[in-house]
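In what follows, a structure is listed as structure tokens, so that the remarks can point back to it.
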Amino acid sequence: MNIGLVARLSLMMFVQYFIWGAWAPTLGNYMNTIGVGELIQWAYALGPIACIIAPFFLGMIADRFFDSEKLLAVLMLVAGAAMCAMPLAAGSYLFLPLLGLHALCYFPTLGLTASLAFHHLKNQETEFPIVRVFGTIGWAAIGLFMGYVLKADATATPLYIGGGAALFLGLYSFTLPYTPPPSKGQTTSWKQIAGIDAFNALKSKSFVVFLAAAMLIFIAFGTYFPYAPLYFTAIHEEFFSGTGFFANPSGEMAFGQVSEIFFMLLIPFFFRRLGVKWMLLLGMLAWVVRFAIFALGASVGVYYFILIGILIHGICYDFFFVTGQIYIDKKTAPEVRGQVQGLLVLLTQGIGFFLGTQLSGAYVNTLGVNGQLDPGGWGVFWLIFAIATFIFSLAFVLLFNDRIADHNKSAETQPG
């Protein structure tokens, strides 16, 4: 293992997710403070829209004409400048366009940093997890710092910190190893970029069920990140006023990323014993439990009970999305594997997350005031999504059969 290279790439990944972790758990409360809470659903929809656009941008342009480290530098410098300018446009018509510019530049770099790391790591299976876990550490670190040290959730500080970190990563990227365009000289259709060709090639019922379940379960993500911080603020005022509990929710929410590190290490253990179907189901049911806890917590106001709903984030994310990526890797042929992984991102972080922001936003804006509900309203809100997620989970367990997928995969890989 090249320790120096791993350290350089780990710093890249740390700052990559540090940026996102600075504003994702705090933006909703800040927007309420500046009086634009009704626009929260659209603010958080800009990331999914960027995720839908990103595969086409990276696949059709970036992968063919630009060195990865230089492209990363330019995108991060623009993303950082846009985010630093957002507080100056607070309350004006430029606020969301600046966030949109940040999203369009930032979210393509999620795939860009991963591909850059894969290009230089010789033993990807053992070295990449070390590099990638620093991304989760970066998110958790800024969340804990923002919530417990700066106590600045409802201020512009997270935007300045996130923007400043993006500017740093932009400059740092110029020092990263030379990474030529991975697809220079190749021709690729939009169907390949979107994964449509790969989807047509995989005639497996279980694969279709998995993709549908992945898209639906990511509605939960589109509900959690925009509106959980506002929910925590509401119950702080209702039950914990005068205490530090949920006064700045980014601190408590960061424990979700801490648990993500722990559960990611447990994936190989559970994967061997449970198999893909039950791992995926556990990830889905964790969302049901989380939403049920939040619904009940809106009535009982027990701090450590509600905190459990945050701490199971590792199961919610790792056991479904990471396990799903492993499932794709095992069930697809090498020539379409990258396309299918791209299709998964488009359906989940793109379409699924977008639907989550719009459905949850429509509810809050209809029944709330300036993007905020009272605790009773939040209880009903989370209960609705708990029931919906349970129905998704039930349909998944009835329709998904990875033995069928195994059979289809083996049939597809047979000669002739």
Side-chain angles (χ1 to χ4, degrees), residues 48-49 51-56 58-59 111 188-223 267 270-271 274-288 315-359 385 387-414 416:
I49 291 172
C51 285
I52 294 172
I53 297 172
F56 296 90
L58 288 176
T188 305
S189 69
W190 70 269
K191 290 184 178 182
Q192 289 176 311
I193 299 299
I196 303 301
D197 288 347
F199 184 80
N200 290 335
L202 295 168
K203 306 182 189 308
S204 163
K205 174 186 173 183
S206 288
F207 182 76
V208 175
V209 169
F210 164 70
L211 289 178
M215 184 180 70
L216 292 173
I217 206 65
F218 257 73
I219 292 175
F221 280 88
T223 300
I267 284 178
F270 282 103
F271 201 92
L274 298 178
V276 64
K277 178 175 183 176
W278 302 110
M279 286 279 290
L280 293 171
L281 181 63
L282 277 176
M284 299 181 79
L285 291 178
W287 279 103
V288 179
I315 303 177
C316 293
Y317 184 79
D318 294 341
F319 279 33
F320 190 87
F321 190 71
V322 177
T323 300
Q325 290 178 309
I326 296 172
Y327 168 69
I328 286 176
D329 187 73
K330 290 182 175 293
K331 300 298 179 182
T332 57
E335 60 269 19
V336 297
R337 191 169 294 150
Q339 296 176 42
V340 181
Q341 294 285 5
L343 177 62
L344 178 66
V345 171
L346 187 149
L347 291 174
T348 55
Q349 298 182 36
I351 296 173
F353 203 111
F354 178 84
L355 290 174
T357 64
Q358 298 309 296
L359 292 172
F385 284 100
I387 293 171
T389 309
F390 178 76
I391 293 172
F392 298 157
S393 304
L394 183 62
F396 172 80
V397 76
L398 293 175
L399 296 174
F400 183 88
N401 187 334
D402 60 322
R403 290 185 179 179
I404 295 175
D406 284 334
H407 172 74
N408 287 342
K409 176 64 166 54
S410 61
E412 290 167 5
T413 55
Q414 290 297 320

### Query
So which heavy atom on Leu394 is nearest to which on Val397, and how close?
O-CG1, 3.2 Å
#### Entry: Exam field: side chain Ser206 to backbone Asn401, donor-acceptor pair closer than 3.5 Å
yes
### Message
Quick check for you: to the nearest 0.5 Å, what is the distance between Thr323 atom OG1 and Leu281 atom CG?
### Response
11.5 Å
#### Entry: Side chains of Leu344 and Phe210 in contact at under 4.5 Å (non-hydrogen atoms)
yes
### Task
Nearest 0.5 Å please: distance from the OG1 atom of Thr223 over to the CZ atom of Phe218.
12.0 Å
### Query
Are Phe221 and Phe320 near enough that their ring centres are under 6.0 Å apart?
no
### Task
Answer whether the closest heavy-atom distance between the side chains of Thr389 and Ile217 falls below 4.5 Å.
yes
### Message
Looking at every non-hydrogen atom in both residues, tell me the closest pair between Gln349 and Phe321 and how far apart they are.
### Response
NE2-CZ, 3.6 Å
### Message
Measuring only between side-chain heavy atoms, which start at C-beta, is Ile315 closer than 4.5 Å to Trp287?
### Response
no
### Verdict with supporting geometry, Ile267 and Met279, side chain to side chain contact (heavy atoms under 4.5 Å, CB included)
CA-CA 9 Å; Ile267 284 178; Met279 286 279 290; 4.2 Å; yes
### Task
Would you indicate whether the side-chain heavy atoms of Thr348 and Phe353 approach each other to under 4.5 Å?
no
### Task
Could you tell me which non-hydrogen atom of Tyr327 sits nearest to which non-hydrogen atom of Phe400, and how far apart they are?
OH-CE1, 3.7 Å
### Task
Would you check if Ile52 and Ile351 make a side-chain contact, meaning some heavy-atom pair closer than 4.5 Å?
yes
### Query
Can you list the residues that meet the ring-ring contact (aromatic ring centres under 6.0 Å, His included) rule with Phe271, with sequence neighbours excluded?
none
### Task
Give, for atom CZ of Phe396 and atom CG of Leu285, the distance between the pair rounded to the nearest 0.5 Å.
10.0 Å
### Summary
CG of Leu347 to CG of Leu355, rounded to nearest 0.5 Å, is 10.5 Å
### Task
With sequence neighbours left out, write down each residue that passes side-chain contact (heavy atoms from CB on, under 4.5 Å) with Ile387, or none if nothing qualifies.
Leu383, Ile391
## Note on the structure
Output for pair (Met215 CE, Phe392 CZ), nearest 0.5 Å, gives 8.5 Å
### Task
Check ring-ring contact (aromatic ring centres under 6.0 Å, His included) between Phe385 and all other residues, then give those that pass, not counting sequence neighbours.
Phe381
